[in-house]
Amino acid sequence: MLLKPPLPPMEARSVEEIPTGDGWQYEPKWDGFRCLVFRDRDNVYLQSKNGQPLAHYFPDIVGNLAKLAQQQFVLDG
């Protein structure tokens, strides 16, 4: 796998004005967990924003990710 944990998540950047135009979309920020998912075949790893493991908090998510057809990916969400 090319990308391996720990990996810092993408962060928003502060700007003077909110961008406008057809190419932009916005969504509210809800409080909760920031998680990066690393899947390499049978290995699924959930990483917190600070680089800590999260899988023990979300075993159902790990199980569902393991069922996906794609065998290798990194997801930031």
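- Both Phe58 and Leu68 are part of a single hydrophobic cluster, where members link through side-chain heavy atoms under 4.5 Å apart.
- Going from atom CD of Gln71 over to atom CG of Asp40 covers 9.0 Å, rounded to the nearest 0.5 Å.
- In terms of heavy-atom proximity, Pro5 sits nearest to Gln47 at CB-OE1, 3.5 Å.
- Considering all non-hydrogen atoms of both residues, Arg34 and Leu54 come closest at O-CD1, 3.9 Å.
- At a threshold of 4.5 Å between side-chain heavy atoms, the hydrophobic network of Ile, Leu, Val, Met, Phe, Trp and Tyr places Ile18 and Val15 in two separate groups.
- The heavy-atom pair separating Val62 from Ala55 by the smallest distance is CG2-CB, 3.7 Å.
- Heavy-atom minimum distance, Gln70 versus Arg39: O-NH1, 2.7 Å.
- Residues Phe33 and Leu46 share a single hydrophobic cluster, defined by chaining ILVMFWY side chains whose heavy atoms lie under 4.5 Å apart.
- Crowding of Asp60 atom CG: a count of heavy atoms from other residues, nucleotides or ligands under 6.0 Å exceeding 12.
- The heavy-atom pair separating Tyr45 from Gln52 by the smallest distance is OH-C, 4.1 Å.
- Note on Val37 and Val74: separate hydrophobic clusters, where clusters join Ile, Leu, Val, Met, Phe, Trp and Tyr whose side-chain heavy atoms are under 4.5 Å apart, directly or indirectly.
- Closest heavy-atom contact between Leu65 and Val44: CD1-CG1, 4.0 Å.
- Around atom OH of Tyr57, no more than 12 heavy atoms belonging to other residues, nucleotides or ligands sit under 6.0 Å away.
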